[in-house]
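Presented below is the structure to which this report refers.
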Amino acid sequence: MPMKKKDIEKLLKKPIVAVVAVTAPDGAPHAVPTWYEYADGQIVFHTGAESFKYKCLVRDPRVTLVVDTKKAPYKTVVLKGRATLEEKVDDKRTERMAVEYLGKKLGKAYAKSLKGNKVVVVTFKPSHTVSWDYSQESP
């Protein structure tokens with residue numbers, strides 16, 4: 001059963017480690033777990049300028065992000081779009097995401113260790129969304 005828009009938004013706002021998939025130079029998929037932020041219909045995540053994920057996105061900006069509840073009854077959202085990339089210092093978002101995913105104490109310490117470092121900010125507005133909610137299925 002597909003999810004309603006409000007339920008998709010609710011799931012995307014939770015600090016669930018997503019899986020980001022990009023296309024490698026040889027055409028193979030490359031998928032990695034990633035922290036992300038969702039706001040105003042847009043996905044934002046960080047990567048390093050030396051990462052394989054970044055190199056793939058420079059070559060082919062198509063990206064897929066999968067968020068799922070990881071336990072039954074499963075809820076999943078799959079978002080596809082074209083990424084934009086910007087290398088910059090993004091300390092506020094780094095801290096916000098770190099606290100969201102790791103908790104206040106550990107998150108602040110982690111963000112502090114990265115303070116002032118440039119990251120590649122990957123942003124995309126989904127052009128295609130697929131979802132399902134197995135809690136809405138009859139047994």
Side-chain angles (χ1 to χ4, degrees):
M1 167 86 55
M3 296 171 68
K4 294 179 178 157
K5 185 175 180 177
K6 67 179 176 81
D7 295 326
I8 290 172
E9 301 247 334
K10 186 177 175 181
L11 182 63
L12 292 175
K13 288 180 180 178
K14 291 183 177 184
I16 298 172
V17 175
V19 173
V20 170
V22 296
T23 305
D26 66 358
H30 174 67
V32 292
T34 305
W35 293 352
Y36 73 95
E37 256 189 357
Y38 175 78
D40 302 320
Q42 185 169 273
I43 297 292
V44 180
F45 59 89
H46 290 161
T47 193
E50 299 301 318
S51 73
F52 187 65
K53 177 173 43 178
Y54 171 71
K55 292 171 184 172
C56 293
L57 285 167
V58 166
R59 191 182 152 284
D60 183 344
R62 292 176 300 165
V63 61
T64 299
L65 182 113
V66 179
V67 177
D68 70 280
T69 56
K70 300 186 181 22
K71 55 183 165 180
Y74 301 104
K75 294 180 184 180
T76 302
V77 177
V78 179
L79 305 168
K80 296 182 179 198
R82 287 188 157 311
T84 60
L85 310 169
E86 180 183 13
E87 191 172 355
K88 68 178 189 176
V89 174
D90 199 16
D91 289 339
K92 287 183 181 180
R93 187 185 328 267
T94 297
E95 182 174 320
R96 210 169 41 242
M97 285 196 298
V99 167
E100 191 70 24
Y101 282 89
L102 299 174
K104 190 172 184 178
K105 184 178 179 182
L106 190 55
K108 284 190 175 282
Y110 178 76
K112 186 177 179 182
S113 76
L114 298 174
K115 191 170 179 105
N117 292 343
K118 280 189 175 181
V119 294
V120 177
V121 180
V122 182
T123 306
F124 77 97
K125 204 164 194 106
S127 58
H128 186 71
T129 303
V130 177
S131 68
W132 56 89
D133 179 353
Y134 286 124
S135 71
Q136 301 300 316
E137 298 282 320
S138 300

Quick one: do [X] and [Y] end up in the same hydrophobic cluster if we chain Ile, Leu, Val, Met, Phe, Trp and Tyr together by side-chain heavy atoms under 4.5 Å apart?
{"X": "M97", "Y": "L106", "value": "yes"}
{"X": "V67", "Y": "V22", "value": "yes"}
{"X": "V121", "Y": "L79", "value": "no"}
{"X": "L65", "Y": "Y54", "value": "yes"}
{"X": "V89", "Y": "V99", "value": "no"}

Would you name the heavy atoms of [X] and [Y] that are closest together and state the gap between them?
{"X": "Y36", "Y": "K14", "answer": "OH-O, 3.6 Å"}
{"X": "V17", "Y": "Y101", "answer": "N-CE2, 3.8 Å"}
{"X": "T129", "Y": "P126", "answer": "OG1-CB, 4.0 Å"}
{"X": "C56", "Y": "P25", "answer": "SG-CD, 4.1 Å"}
{"X": "E9", "Y": "Y38", "answer": "OE2-OH, 2.7 Å"}
{"X": "L102", "Y": "W35", "answer": "CD1-CH2, 3.6 Å"}

Measuring from [X]:[atom1] to [Y]:[atom2], what's the distance to the nearest 0.5 Å?
{"X": "T47", "Y": "L57", "atom1": "OG1", "atom2": "CG", "answer": "7.5 Å"}
{"X": "L85", "Y": "K53", "atom1": "CG", "atom2": "NZ", "answer": "11.0 Å"}
{"X": "S51", "Y": "H46", "atom1": "OG", "atom2": "NE2", "answer": "12.5 Å"}
{"X": "I43", "Y": "L12", "atom1": "CD1", "atom2": "CG", "answer": "5.5 Å"}
{"X": "Q42", "Y": "F124", "atom1": "CD", "atom2": "CZ", "answer": "9.5 Å"}
{"X": "D60", "Y": "T23", "atom1": "CG", "atom2": "OG1", "answer": "4.5 Å"}

Are [X] and [Y] packed together at the side-chain level, in the sense that at least one heavy-atom pair is separated by less than 4.5 angstrom?
{"X": "V19", "Y": "T34", "result": "no"}
{"X": "W132", "Y": "M1", "result": "no"}
{"X": "I16", "Y": "K70", "result": "yes"}

Is it the case that more than 12 heavy atoms not belonging to D40 sit under 6.0 Å from its CG atom?
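Open: at most 12 neighbouring heavy atoms sit under 6.0 Å from CG of D40.
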What do you reckon, is NZ of K92 surrounded by more than 12 foreign heavy atoms closer than 6.0 Å?
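Counting neighbours around NZ of K92, 12 or fewer heavy atoms of other residues, nucleotides or ligands fall under 6.0 Å, so no.
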Residues V66, V77; criterion side-chain contact (heavy atoms from CB on, under 4.5 Å); working and verdict
CA-CA 6 Å; V66 179; V77 177; over 6 Å; no
Using salt bridge (Lys or Arg N to Asp or Glu O under 4.0 Å) as the criterion, point out the one residue from E100, E86, E37 that pairs with R93.
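Between R93 and the candidates, salt bridge (Lys or Arg N to Asp or Glu O under 4.0 Å) is satisfied uniquely by E37.
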Going by the side chain to side chain donor-acceptor pair (under 3.5 Å) test, which pairs reach into residues 115-124, not counting sequence neighbours?
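Those involving residues 115-124 do not exist here.
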Does the pair K4/D7 count as a salt bridge with the N-to-O cut at 4.0 Å?
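No salt bridge links K4 with D7.
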Dump the intermediate steps for side-chain contact (heavy atoms from CB on, under 4.5 Å) on S135 and K75, then the final yes or no.
CA-CA 8 Å; S135 71; K75 294 180 184 180; 3.8 Å; yes
Is there a side-chain hydrogen bond (donor to acceptor under 3.5 Å, both in side chains) between E95 and Y110? Walk through the geometry before answering.
CA-CA 8 Å; E95 182 174 320; Y110 178 76; over 6 Å; no
